[in-house]
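Worksheet: the structure to be examined is printed underneath.
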2 protein chains.
Amino acid sequence: MSEPRTHTPSDFVQAAFDIVDAQGLTSLTMRALGDRMGVDATAIYRHFPNKESLLDAMLDFILGEAANLEPTGATPRDRILSVAANVRAAMRRHPNLAGAFAQATGDFANGLTISRRMIAELRALGLTGEHLVRMYQSFEGYILGSSVFDTGGYPETFTIRQARYRYLNEPEFDEVARTAGDVERVTGEAYVLAISTLVDTCEELAKL
Amino acid sequence: MSEPRTHTPSDFVQAAFDIVDAQGLTSLTMRALGDRMGVDATAIYRHFPNKESLLDAMLDFILGEAANLEPTGATPRDRILSVAANVRAAMRRHPNLAGAFAQATGDFANGLTISRRMIAELRALGLTGEHLVRMYQSFEGYILGSSVFDTGGYPETFTIRQARYRYLNEPEFDEVARTAGDVERVTGEAYVLAISTLVDTCEELAKL
DNA sequence: ACCTGAACACCGTTCAAGT
DNA sequence: ACCTGAACACCGTTCAAGT
């Protein structure tokens, strides 16, 4: 018999995204995924040793969506901002999965690609030695951490943040909290501002 | 009969920390928590409507460990660094739970306390209006995001990061990757450096 | 080579019943 | 007022059996 392989691991990953993006992470069960693929739940174990490795494949796919985009811009600063924007946009497309990055322990091939790209830009800015490693780590923490927090659970996240702004009883925050869209806009501006600030620091450290 | 209440919600939170800190988040089941408290699993529902609200209470407790510490330092910069260090240290004490912040949707009373404290320091630096909101958001994203990534899954996280540093094939990273402790040190330095850098930006924005 | 389906050892949660 | 315990509707995963 030996049928030609009808399903690839990537088929399961795509179907899993369909479920998670539309119904949330808790709706992704092996049985639900099997149903969507027209296959028994236990058939998935031909392709992934367990559910965790399926999730890791999904997270690596998200990073791949960022890693496969060539960063745009004529200067290291612009290319760093471009990488940062691409990571954020990729997570933003899968808000129900972004939070899973914080739990993941696997190492991601596409994460390495992004890391190498960032390091190349930091070298282009003139950084070496411990300055290079330290600034790389600052960027990684900010880009990943902030993106996960800002994109996870979108759009509810911004409604929640809007409510929190109101509780603060600070006139400036009241103003921003008029719509969840305002909160999202200022959060996006804060992201770009902080990355740009970190690039400033790179330039100063390179002069030493 | 009407026994005096033998258990408070906070008793369950403490017992839940015992389980999570020692055995990991997946070991925290309602049955396991009931066993540890010498009570049927379903008795927990007298105190918490569901498991998610128990987890929210645990996360708020972690933030409380940071919020209850008066920030030290004579300048806004030092007090901001102190707040940031306290948040990180509090998460660091519960590495198996840190990642859950990225999934949480609740709003946390102790989070508000920390927010108010940060805003007071940003005002002391001379920030108002959109600058204030934007910088606040940059700090929040960096402090929370970075702390979650750096403390979640400790100490395994740093072993994983060490392995990734080796894969990068960059001499500077090789050097840092000699021990997981070196990676942890440089990550901590990067955290302080980035916060300090953001304070620099506040000072510049205040001059405009 | 790949898939099926019964089965196992769990989950969170509800609800009637106890004291 | 608080706790018990049976029960329900699920989970992820294993493994012998099918084709």
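Since the structure is predicted, the reported quantities are computational estimates derived from the model, not experimental observations. In what follows, chains are A, B, ... by sequence order, proteins preceding strands, each numbered from 1.
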I'd like to check the salt bridge (charged side-chain N to carboxylate O under 4.0 Å, His left out) partners of A:R46; sequence neighbours left out, ordered by chain and number. none

Interatomic distance, B:D40 CG vs C:dT19 P [rounded to whole Å]: 15 Å

Kindly state each residue pair satisfying salt bridge (Lys or Arg N to Asp or Glu O under 4.0 Å) with at least one member in residues 55-69 of chain A, sequence neighbours excluded. A:E65-A:R93

Atom pair distance, as rounded to whole Å: CD1 in B:I44 and P in C:dG12: 9 Å

Using a heavy-atom distance cut-off of less than 4.0 Å, which residues of residues 96-103 of chain B contact DNA chain C? none

Using a 3.5 Å cut-off and no angle test, enumerate the donor-acceptor pairs between side-chain atoms of residues 31-38 of chain B and protein atoms at least two apart in sequence or in another chain.
unit_1 : atom_1 : unit_2 : atom_2 : d
B:R36  : NH1    : B:D18  : OD2    : 3.3

Partner set under ring-ring contact (aromatic ring centres under 6.0 Å, His included) for A:Y136, not counting sequence neighbours: B:F173

If you take any heavy atom closer than 4.0 Å to DNA chain D, which residues from residues 22-36 of chain B end up in contact? B:R31

My understanding is that only residues two or more places apart in sequence, or in another chain, count here; which of them pass ring-ring contact (aromatic ring centres under 6.0 Å, His included) with A:F48? none

Nearest 0.5 Å, what's the OH-OG distance between A:Y191 and B:S138? 11.0 Å

According to salt bridge (charged side-chain N to carboxylate O under 4.0 Å, His left out), who are the partners of B:D174, at least two apart in sequence or on a separate chain? none

So salt bridge (Lys or Arg N to Asp or Glu O under 4.0 Å) across residues 127-137 of chain A, not counting sequence neighbours, yields A:E130-A:R134, A:E130-B:R185, A:R134-B:E189

I need the CZ-P distance between A:R46 and D:dG18, as an integer number of Å. 16 Å

Taking a pair as Watson-Crick (N1 to N3 plus N6-O4 or O6-N4) or G-U wobble (N1-O2 and O6-N3), both under 3.5 Å, which stems of 3 or more consecutive pairs involve DNA chain C? C:4-8 with D:12-16, C:12-16 with D:4-8

In whole angstroms, the gap separating C1' of C:dC3 from OH of A:Y45 amounts to 15 Å

Can you name the salt bridge (charged side-chain N to carboxylate O under 4.0 Å, His left out) partners of A:D200, sequence neighbours left out? A:R77

What's the CG-C1' distance between B:N50 and C:dC15, to the nearest Å? 17 Å

So which pairs with a foot in residues 154-167 of chain A pass salt bridge (Lys or Arg N to Asp or Glu O under 4.0 Å), sequence neighbours left out? A:D150-A:R161, A:R164-B:E140

Just wondering, do B:L28 and B:L97 contact through their side chains at under 4.5 Å, heavy atoms? no

Compare side-chain N and O positions of B:H47 against OP1 and OP2 of D:dC2 and report whether any pair is under 4.0 Å apart. no

What is the distance from NE2 of A:H7 to C1' of C:dA1, rounded to the nearest Å? 14 Å

Starting at atom NZ of B:K51, determine the distance to atom P of C:dT14, rounded to an integer number of angstrom. 14 Å

Tell me the interatomic distance from A:F48, atom CZ, to D:dG12, atom P, rounded to whole angstroms. 15 Å

Look at the side chain of A:T42 against the base of C:dG5 and say whether a donor-acceptor pair falls under 3.5 Å; ignore hydrogens and angles. yes

